[in-house]
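Naming convention: chains lettered A, B, ... in sequence-line order (proteins, then strands); numbering from 1 in each chain.
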Number of protein chains: 2
Amino acid sequence: MKQQEVFKAMADPTRRAILKRLQEGALTAGEIGQAFTITSASLSHHFAVLKRADLVRTERRGQFIVYSLNSTVFEDFARVLFDLFRHRGSPGDNA
Amino acid sequence: MKQQEVFKAMADPTRRAILKRLQEGALTAGEIGQAFTITSASLSHHFAVLKRADLVRTERRGQFIVYSLNSTVFEDFARVLFDLFRHRGSPGDNA
DNA sequence: GCAGAATTTTGATATTTGTCTAAATATCTA
DNA sequence: TAGATATTTAGACAAATATCAAAATTCTGC
């Protein structure tokens, strides 16, 4: 996992909102965009950040691009956080 | 919990390393600083960010200032993340 | 009260980030 | 192939961030 990329990706509220929308299932870029007022260009920038962090996957379907969550990275991230939060860190920590 | 402050605070690797050091127990600003090469001024800036996010507490002990983790906010943060990561979000989500 | 130590604050600077508009790319349909 | 739609890329700009040096603050011990 690209830990630093993931942490940075999660630091923006728009990106967290995107992830939240994707919890309901895969969506096209346009469908995701309907919930936001920013331009599609800005949205695309956020998608790129999420993709670089491996938090989302993409698949082209005709003229659409479908985004979906990458649960694996989510789980890795949760594990890292628990390591970070656990008092008296044990071996294997890597924050 | 000031969610956005917490996410931003966690986005910086130096700050995550500070939190990690504090897992071992409370430390003075100087003791924490020994692990880093940046100036104490920069370190102090990072402390301010962590404090604003309520991730750490401070207590003056003579001429020293002792930093310690605020586990409560840690736990709240973990809970928010699980909400964010859980597929098919349930009511009560607030990411 | 003064010198010294620990820490923070201030002011400056360089880098990163989020946003926009305009242009480019990819795909569909007629 | 041409026009329409969906999305990304390029280029520009303002705001936020990380860092530093220097000055200010708070405390200790003489």
Side-chain angles (χ1 to χ4, degrees), chain A residues 2-22 24-70 84 95, chain B residues 2-22 24-70 84 95:
Chain A
K2 301 161 190 162
Q3 208 178 108
Q4 177 57 19
E5 302 296 325
V6 175
F7 273 106
K8 274 196 303 186
M10 304 281 294
D12 183 86
T14 299
R15 287 192 290 265
R16 291 200 302 278
I18 291 172
L19 294 174
K20 192 157 260 308
R21 288 217 84 197
L22 290 177
E24 306 296 326
L27 293 171
T28 68
E31 286 168 335
I32 296 170
Q34 290 177 339
F36 303 93
T37 53
I38 61 180
T39 65
S40 57
S42 298
L43 217 26
S44 194
H45 154 72
H46 287 303
F47 293 151
V49 174
L50 291 170
K51 222 157 42 170
R52 206 180 317 134
D54 258 348
L55 284 164
V56 300
R57 295 234 187 71
T58 63
E59 174 203 352
R60 182 173 272 280
R61 191 134 67 206
Q63 38 185 338
F64 304 93
I65 295 186
V66 179
Y67 283 87
S68 55
L69 288 186
N70 180 358
L84 190 56
Chain B
K2 301 160 190 163
Q3 206 179 111
Q4 177 57 20
E5 301 296 325
V6 175
F7 272 106
K8 274 196 305 187
M10 304 281 294
D12 183 88
T14 299
R15 288 193 288 266
R16 290 199 303 278
I18 291 172
L19 294 174
K20 193 157 258 310
R21 289 216 81 197
L22 289 177
E24 305 297 325
L27 293 171
T28 69
E31 286 169 335
I32 296 170
Q34 290 177 338
F36 303 93
T37 52
I38 61 181
T39 65
S40 57
S42 299
L43 216 27
S44 194
H45 155 72
H46 286 303
F47 293 150
V49 175
L50 291 170
K51 222 158 43 172
R52 205 180 317 133
D54 258 346
L55 284 165
V56 300
R57 294 233 186 73
T58 62
E59 175 203 350
R60 181 172 272 279
R61 190 135 68 205
Q63 38 186 336
F64 303 93
I65 296 186
V66 180
Y67 283 88
S68 56
L69 288 185
N70 179 358
L84 190 56

Chemist: Here's a test of your reading of the structure: between B/K51 and A/G62, which maps to the more 5' nucleotide of DNA chain C?
Modeler: B/K51
Chemist: Expressed in angstrom and rounded to an integer, what is the separation of A/I65 atom CD1 from D/dT5 atom P?
Modeler: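 Rounded to the whole Å, the gap is 18 Å.
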Chemist: So, does B/T39 get its side chain near the phosphate of D/dC20, meaning an N or O under 4.0 Å from OP1 or OP2?
Modeler: yes
Chemist: Side-chain contact test, heavy atoms from C-beta onward, threshold under 4.5 Å: evaluate it for B/V6 versus B/D54 and give yes or no.
Modeler: no
Chemist: Taking side chain as C-beta onward, heavy atoms only, is A/F47 less than 4.5 Å from A/T58?
Modeler: no
Chemist: So what does B/F36 touch, heavy atoms closer than 4.0 Å: a base, only the sugar-phosphate, or nothing?
Modeler: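 No contact at all - B/F36 keeps every heavy atom at 4.0 Å or more from the nucleic acid.
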Chemist: Using heavy atoms to find the nearest nucleotide of DNA chain C for A/F64 and A/D12 separately, return the residue whose nucleotide is more 5′.
Modeler: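 The answer here is A/D12.
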Chemist: Any side-chain N or O of A/S44 under 4.0 Å from OP1/OP2 of D/dT8?
Modeler: yes
Chemist: What contact category does A/A29 fall into here, base, sugar-phosphate, or nothing, at under 4.0 angstrom with non-hydrogen atoms?
Modeler: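 Counting heavy atoms under 4.0 Å across all strands, the contact made by A/A29 is with sugar-phosphate only.
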Chemist: What residue among A/M10, A/E5, A/R15 forms side chain to side chain contact (heavy atoms under 4.5 Å, CB included) with A/L50?
Modeler: A/R15
Chemist: For B/E59 and D/dT26, give me the distance from atom CD to atom C1', rounded to whole Å.
Modeler: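 Atom CD in B/E59 sits about 16 Å away from atom C1' in D/dT26.
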Chemist: Between D/dA16 atom P and B/H45 atom NE2, what is the distance in whole Å?
Modeler: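 Atom NE2 in B/H45 sits about 14 Å away from atom P in D/dA16.
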Chemist: When the distance from CD of B/Q63 to C1' of D/dG29 is rounded to whole Å, what number comes out?
Modeler: 9 Å
Chemist: Could you work out, with ring-ring contact (aromatic ring centres under 6.0 Å, His included) as the rule, every residue matching B/F7, not counting sequence neighbours?
Modeler: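 Scan of B/F7 (ring-ring contact (aromatic ring centres under 6.0 Å, His included), adjacent residues dropped) gives B/F77.
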Chemist: If I take atom NE2 in residue A/H46 and atom C1' in nucleotide D/dT9, what distance separates them, rounded to the nearest angstrom?
Modeler: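 Nearest whole value for this atom pair: 16 Å.
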Chemist: Using atom CZ of A/R61 as one end and atom C1' of D/dT5 as the other, report the distance to the nearest whole Å.
Modeler: 17 Å
Chemist: Under 4.0 Å from any heavy atom of chain A: name the first and the last nucleotide of DNA chain C that qualifies, 5' to 3'.
Modeler: C/dT17 to C/dC28
Chemist: Would you say that B/R57 contacts B/E59 through its side chain, given a criterion of any heavy-atom pair below 4.5 Å between the two side chains?
Modeler: no
Chemist: Round to a whole Å and report the spacing from CZ of B/R60 to P of D/dC27.
Modeler: 5 Å
Chemist: Check whether any side-chain heavy atom of B/L55 lies under 4.5 Å from a side-chain heavy atom of B/V49, and answer yes or no.
Modeler: no
Chemist: Which whole-number value in Å describes the distance from A/L43 CG to D/dT9 C1'?
Modeler: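 Value for this atom pair: 15 Å.
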Chemist: Using a cut-off of strictly less than 4.0 Å, decide whether A/T28 has a side-chain nitrogen or oxygen near OP1 or OP2 of D/dT7.
Modeler: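 Checking D/dT7 against A/T28, a side-chain N or O does come within under 4.0 Å of OP1 or OP2.
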Chemist: Side chains of B/R16 and A/Q4: do they bring a donor and an acceptor to under 3.5 Å?
Modeler: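 Note: B/R16 and A/Q4 side chains meet the donor-acceptor criterion.
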